[in-house]
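Presented below is the structure to which this report refers.
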Amino acid sequence: MTQQVKITLLDGSQREVARGTTPAEIAASIGPGLAKAALAARIDGELVDIGRPIEADAQLALVTARDEKDALELVRHDYAHILAEAVQALFPGTQITFGPATDDGFYYDVAPPADHGPFTEDDLPAIEAKMREIIAADKPLRREVWTRQQLIERWAGQGESFKAEWAAALPDDEELTVYWSGSDWLDMCRGPHLASTGKVDPQAFKLTRVSGAYWRGDQKNAMLSRIYGTGWLNKKQLDAHLLRLEEAAKRDHRKIGQEMDLFHLQQEAHGSVFWHPQGFVIWRQLEAYMRRAIDDAGYNEVKTPQVMDARQWEQSGHWGKYRENMFVIPDEVPNVEDEGPLVSDEAEWMALKPMNCPAHVLIFRQGIKSYRDLPLRIYENGCCHRNEPHGALHGLMRVRQFTQDDAHIFCREDQIVDEVRAFCALADRIYKDFGFTYSIKLALRPEKRFGSDEMWDLAETELRNAVIAAGLATEEYGWEELPGEGAFYAPKLEWHLTDAIGRTWQVGTIQSDRVLPERLDASYVGEDGARHRPVMLHRAIFGSYERFIGILIEHYAGKFPLWLAPVQAVVATIVSDADEYAKAVVEKLRGAGIRAETDLRNEKINYKVREHSLGRVPNLLVVGRREAEEGTVALRRLGSDEHQKVMSVDDVIAQLVAEATPPDLR
RNA sequence: GCCGGAUUAGCACAGUGGUAGUGCAGCGGUUUUGUAAACCGAAGGUCGCGGGUUCAAAUCCUGCAUCCGGCACCA
């Protein structure tokens with residue numbers, strides 16, 4: 001066996017070193033600066049410890065803070081370990097389980113000691129302080145390969161039942177490693193890690209919250225305490241992140257919804273929205289916009305029943321697969337006597353619709369359809385109810401009553417690709433009108449599903465091919481396939497929007513379904529005169545009006561483009577002598593279709609400017625004696641640094657009318 | 001549904017066993033004001049709901065509801 005190995009560095013240069021030389025040593029031989037900066041290495045592409053001996057000829061890349069993605073992953077992973085060590089140091093008897101890096105930090109799931117109860121946020125300051133001690137101690141992190149037997153014995157011996165279970169379950173072909181922190185603490189971990197605990201910045205992390213989390217993500221298992229932190233390379237990054245969180249909190253649609261008087265929620269109807277006049281203006285604009293879009297795209301709008309017999313839901317399969325999310329209603333006159341149960345034991349059941357698809361099939365089934373009728377696109381602003389778990393409800397984003405922009409396209413096999421492509425184009429146009437970029441994902445068959453494997457193969461292939469044909473299955477569109485995430489009846493293409501501050505939201509979807517037409521016996525007469533099954537494409541672009549408006553509120557931070565703004569202009573007076581003039585201006589604005597209000601209150605103009613600015617009114621038209629005499633207004637635009645502009649009323653109206661035109665009508 | 005936290009005036013919040021408070025909004029008055037908060041006054045509460053402990057409960061205990069942060073769920 002040769003004692004030398006050949007190392008190829010990033011710049012292509014090569015050097016011979018003794019077998020077992022570490023990347024750290026090579027970094028040191030290149031220069032002290034690099035030795036200090038090197039956090040880890042990639043050997044033949046694999047991310048490894050800086051102290052990992054090199055055993056064969058290899059390509060070597062040294063990882064420094066400049067390789068931000070790798071570096072963040074490494075430090076976050078280290079923070080997670082230090083967190084676990086700190087918790088065990090402070091709370092002996094705590095069991096550790098699992099602690100990965102996340103998108104902006106890390107967490108560790110731990111089981112508190114029997115006498116302690118779950119950890120709370122009150123515990124965090126002490127844990128943070130202990131973590132800083134461990135970082136200050138700069139304990140070397142040392143990797144060792146162990147056998148499964150060693151691991152199980154060690155964990156079982158320490159009373160770490162979760163780790164022991166985990167060690168026993170790890171796959172046979174995996175090299176099992178532990179990392180020592182100094183000589184007194186170790187965790188089972190795949191690595192890699194930095195060379196020592198002192199390599200992370202003690203000022204660049206913060207423990208943020210504590211929550212419950214099930215062991216191995218399964219509801220049937222024990223509930224652990226999950227301690228979350230955010231972690232970065234340096235304090236500047238941490239501060240920037242904390243600032244971003246503050247900015248995101250300011251955009252919270254629940255907060256803005258209250259500030260702008262758009263909607264409210266209350267406990268007597270939890271999970272269902274009370275839309276206020278201002279909020280419903282936005283809804284109406286979206287509804288009108290969507291109607292124009294679907295009219296153009298050859299859809300037919302329908303309206304279907306809110307409540308249908310349970311037998312219908314049994315036939316569609318929802319009763320079996322979806323009942324726990326449905327609101328059921330006895331089909332019986334309730335008992336009006338004081339005594340006795342509200343409904344009898346013999347009551348038949350009905351259910352509020354959780355989806356619109358069965359009703360659309362029932363419309364399709366009326367009369368005989370021929371191949372000439374296809375593709376038939378049935379659209380509905382469909383109001384659905386789903387009995388969501390209480391813990392899932394969240395503002396407008398997750399509600400129990402919502403209205404989908406839902407349509408079902410009944411078509412032949414050979415029409416699927418064209419229909420999906422047309423849908424891609426429609427979705428593209430609509431999302432761009434709102435200023436979103438997006439990525440497309442294909443969610444593949446879930447475990448709990450209807451239909452044969454052949455059918456799923458076919459359906460998945462069709463959707464994939466359609467996206468490829470549309471030229472969207474590319475990196476630019478974030479193309480990705482997500483195993484196990486499809487609906488129970490069909491795979492789905494998903495559109496994930498990216499909003500103004502970089503967060504993503506899954507909204508649009510199209511799914512190709514052969515199950516429901518079969519179950520509800522939908523058919524058409526083909527050219528051959530025989531009966532055939534249509535394929536059914538389920539599709540939505542907003543997803544639900546509620547959620548889409550929630551997303552828009554956060555995307556625009558409440559500063560809606562003019563066509564969506566609840567109040568488009570306020571005419572505010574400086575002196576009461578201008579009241580009559582202000583009223584006349586508002587009349588003219590309204591006559592031109594602008595949503596305008598007067599503000600004649602007995603307040604200083606400073607006060608009115610401040611109030612309407614905070615209220616996110618896009619245009620403030622200030623009028624005093626001068627404007628009243630000259631027939632002008634002083635236009636002050638929200639978010640504009642420039643000063644007011646004095647304009648004639650007609651010019652202002654022309655400008656606002658142009659700006660308030662919905663994007664599809666421009 | 002699970003873990004933790006919260007719930008006090010329209011809103012934001014203070015109040016740890018002894019007469020429920022502050023700011024803003026709203027209401028009344030004064031002021032007629034030129035681009036991000038004029039001044040004065042009066043009013044506003046079943047302290048989420050139920051039960052318990054206590055001479056006395058917003059405050060302690062308990063059950064429930066809703067909300068918040070996660071987990072699980074998300075057709």
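Note: hydrogens, waters and symmetry copies are ignored here, and every other heavy atom, side chains too, is used. Proteins come first, then strands; the chains are lettered A, B, ... in the order of their sequence lines, and each starts at number 1.
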[N] pairs with, by Watson-Crick or G-U criteria that keep both distances under 3.5 Å:
N: B:G21; answer: B:C13
N: B:C47; answer: none
N: B:C67; answer: B:G5
N: B:C39; answer: B:G29

Ignoring hydrogens and geometry beyond distance, is the side chain of [X] in donor-acceptor contact with the base of [N] at under 3.5 Å?
X: A:R209; N: B:C68; value: no
X: A:E627; N: B:G34; value: yes
X: A:Y107; N: B:G70; value: no

For the side chain of [X], starting at C-beta, report the closest nucleotide among [options].
X: A:Y228; options: B:A37, B:G1, B:C71; result: B:C71
X: A:L393; options: B:A36, B:U32, B:C67; result: B:C67
X: A:Y607; options: B:A37, B:U32, B:G34; result: B:A37

When you check the phosphate oxygens OP1 and OP2 of [N], does a side-chain N or O of [X] lie under 4.0 Å from one of them?
X: A:R254; N: B:C68; value: yes
X: A:H270; N: B:C67; value: no
X: A:R625; N: B:U33; value: yes

Legend entry - Side-chain H-bond candidate by donor/acceptor type, A:H360 with A:E380, under 3.5 Å: yes
Legend entry - Sidechain N-carboxylate O distance under 4.0 Å for A:E481, A:K441: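 Salt bridge absent between A:E481 and A:K441.
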Inset, instruction - Answer yes or no: is there an ion pair linking A:K492 with A:E485, defined by an N-O contact shorter than 4.0 Å? - result: no
